[in-house]
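Worth saying up front: this structure is predicted, and the values here are computed from it rather than measured.
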Amino acid sequence: ADVILTGCFLALQQQLLQIGGGMMYHKLASRVPQVARMRLSRAPRVPMSSSAASVSMYAGRADTSRLPTAKVSLPAIQTLNKAKPFSSGVEGNKFLTMLASGKPIVCAEGYLFELEKRGYVQIGPFVPEVSLSHPEAVKQLHREFVRAGSDIVQAFTYYANRAKLRLIGKEDRLEALNRAALRIAREVAEETGTILAGNVCNTTMYNPSDPETWDEVRLMFREQIAWAAEEGAELIIGETLGYYGEAVIALEEIQRSGLPAVITFSLANWSDGSKTGDHFLLHDNVHIVDACKQIHSKGAKVVGLNCHRGPETIIAPLQALRDAGCDFPLAALPVGYQCTADKPTMQELSSPGKMYSDLDCHTSTRYDFEAFGKECERLGIQYVGTCCGAAAHHVRALAMAVGKEPDAGVLVPDITKHFVYGKEEVLQDAGNLKGSFLSGAGS
């Protein structure tokens, strides 16, 4: 009876996810007997040959052609994968049109850190409940980023996945949170004529050695992408992906929606001392060049890097991609911190016990992002943006560096009108010279 119930549960689960019924799925899952779920976890899996699971190393790179493909192995889920995908029409897709034009595309990311600074997100769990608790704060930041030059309004669904909501005991709010974030972003995109993007990210659940996690990750991506497609997204961004295998799953699930995919990897140096990011390796030892080439060949419209590295330290891996012949559209979205050659990632800048909360003194200047924009122009990087720690003034500096004229551009600094550091002729013409300190300042 348990086996029959388990089979029925899986079939219903997949159908609910297919139509975006995340809340209904959660309620159903809570009613499955524990013994049935235990037997499900022990269900036989499709065997993997030793050759398929092996990794061939050459010149410090992993041969991705021999990595196990990211497949769902439970029979009931395999059946679902043969079903007709949900679809969101791409005819007249503004993102694809802009990409085809060759013009620079600016995408402001960094909502998590910026809203944490404003008191709406908690460091640690980093769950974006703010879309439900204070939607006006999210909407305001969207507007600030667009005014600064962002062409894309990315729904704030980063870490709005089932695992993260489960972490704080609010899994039942998953669908409501995602749809709220998408609708807030859609409202701003519609009022500004910009492009609405759905968003999925590193799930924190993927383990390349545990195929059970592949199934869980796939379903987490699937439900978020379904909601994004239903709410009118014109593309899906899969970001901050530290595993090649997880990126493959994300891409496959985005492709089921019929929407274009942007996939960006992160090169991290975590605390285990391996410093894989320094070697341009992902956590599953796939070189960033191989990862980008493979993901592009599988159909991603844009691939590249985001997060962890700053506007200076992200340049080296981007240069490596170009030097290796990656002539397809690349993405670059660094964090807003002044990472260095010795500490190329933002995590390495933090002191023990103060991870992420003591980075203020390392914040990048607008001129760092201006220089980054010029480097992206030199490398021919079409899709540029910002990530954790960046604010609207960084977005504006980057947008103007790549030739855009954002609304906020009319208010770039003009020190000539300052009463101490300005120009004498400017103040004289305005009749303000008498009260100035120009002579005292040695101007």
Side-chain angles (χ1 to χ4, degrees), residues 105-161 164-165 168 173-174 177-189 191-192 194-204 224 227-228 231 233 235-241 262 264 266 306-308 310 331-337 346 356-357 359-360 363-364 369 383-396 398-399 406 408:
I105 299 173
V106 176
C107 178
E109 295 178 5
Y111 291 90
L112 204 67
F113 275 41
E114 184 61 21
L115 286 166
E116 188 280 326
K117 295 174 190 174
R118 300 181 185 193
Y120 297 105
V121 173
Q122 183 180 29
I123 289 178
F126 281 123
V127 182
E129 296 180 85
V130 60
S131 292
L132 288 175
S133 63
H134 294 87
E136 72 286 348
V138 181
K139 186 181 297 184
Q140 175 62 26
L141 185 53
H142 281 315
R143 287 172 172 158
E144 289 177 23
F145 281 159
V146 170
R147 189 169 182 275
S150 185
D151 299 300
I152 294 174
V153 180
Q154 179 175 295
F156 186 30
T157 54
Y158 185 93
Y159 278 166
N161 60 45
K164 282 290 187 175
L165 271 291
I168 62 170
R173 307 188 78 185
L174 176 65
L177 177 59
N178 275 264
R179 289 194 185 276
L182 286 156
R183 290 170 185 176
I184 293 167
R186 184 177 67 192
E187 181 180 341
V188 176
E191 73 183 26
T192 58
T194 46
I195 300 167
L196 172 62
N199 174 251
V200 294
C201 67
N202 56 312
T203 62
T204 73
Q224 282 194 282
W227 295 324
E231 295 294 342
L235 73 149
I236 304 292
I237 298 168
E239 60 155 303
T240 322
L241 296 163
V262 171
T264 53
S266 60
N306 83 296
C307 209
H308 294 297
L333 301 93
V335 298
Y337 298 108
M346 65 178 176
Y356 301 121
S357 61
L359 292 175
D360 299 356
T363 302
S364 298
F369 273 87
Y383 186 106
V384 298
T386 56
C387 203
C388 302
H393 65 297
H394 296 119
V395 177
R396 179 179 65 182
L398 172 58

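A distance-only check finds no donor-acceptor pair linking the side chain of T194 to the backbone of D151 [under 3.5 Å]. Not one N or O on the side chain of T240 forms a donor-acceptor pair closer than 3.5 Å with the backbone of S266. Between the side chain of R118 and the backbone N or O of A137, no donor-acceptor pair lies under 3.5 Å. Side chain of Q224 to main chain of A160: a donor-acceptor pair is present (N/O by atom type, distance under 3.5 Å, no hydrogens or angles).
Taken to the nearest 0.5 Å, the NZ atom of K164 stands 13.5 Å off from the CG atom of L174. Expressed to the nearest 0.5 Å, how far CD of E239 lies from CD of Q154 amounts to 5.0 Å. S150 OG to F145 CZ: the interatomic distance, rounded to the nearest 0.5 Å, is 8.0 Å. Once rounded to the nearest 0.5 Å, the distance linking CG of N161 with CG of N178 reads 8.5 Å. In this structure, CZ in F156 is found 9.0 Å from OH in Y111, a value given to the nearest 0.5 Å.
Note on E187 versus R183: no salt bridge recorded, every NZ/NE/NH1/NH2 to OD/OE distance being 4.0 Å or above.
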Q: I would like to know whether I168 and E129 meet side chain to side chain contact (heavy atoms under 4.5 Å, CB included); could you show each step before the answer?
A: CA-CA 10 Å; I168 62 170; E129 296 180 85; 3.5 Å; yes
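Of all non-hydrogen atoms in S131 and L177, the two that sit nearest each other are CB-CD1, 3.9 Å. Across all non-hydrogen atoms, the minimal contact from A189 to I195 is CB-C, 4.3 Å.
The shortest side-chain heavy-atom distance between T192 and R143 does not fall under the 4.5 Å cut-off.
Side-chain atoms of E136 and Q140 include no donor-acceptor pair closer than 3.5 Å.
E191 CD: more than 12 foreign heavy atoms inside a 6.0 Å radius.
Taking the six-membered ring for Trp and thresholds of 30 and 60 degrees, F369 and H394 have ring planes inclined between 30 and 60 degrees apart.
A side-chain contact (heavy atoms from CB on, under 4.5 Å) with Y158 holds for exactly one of N202, V127, I237; it is N202.
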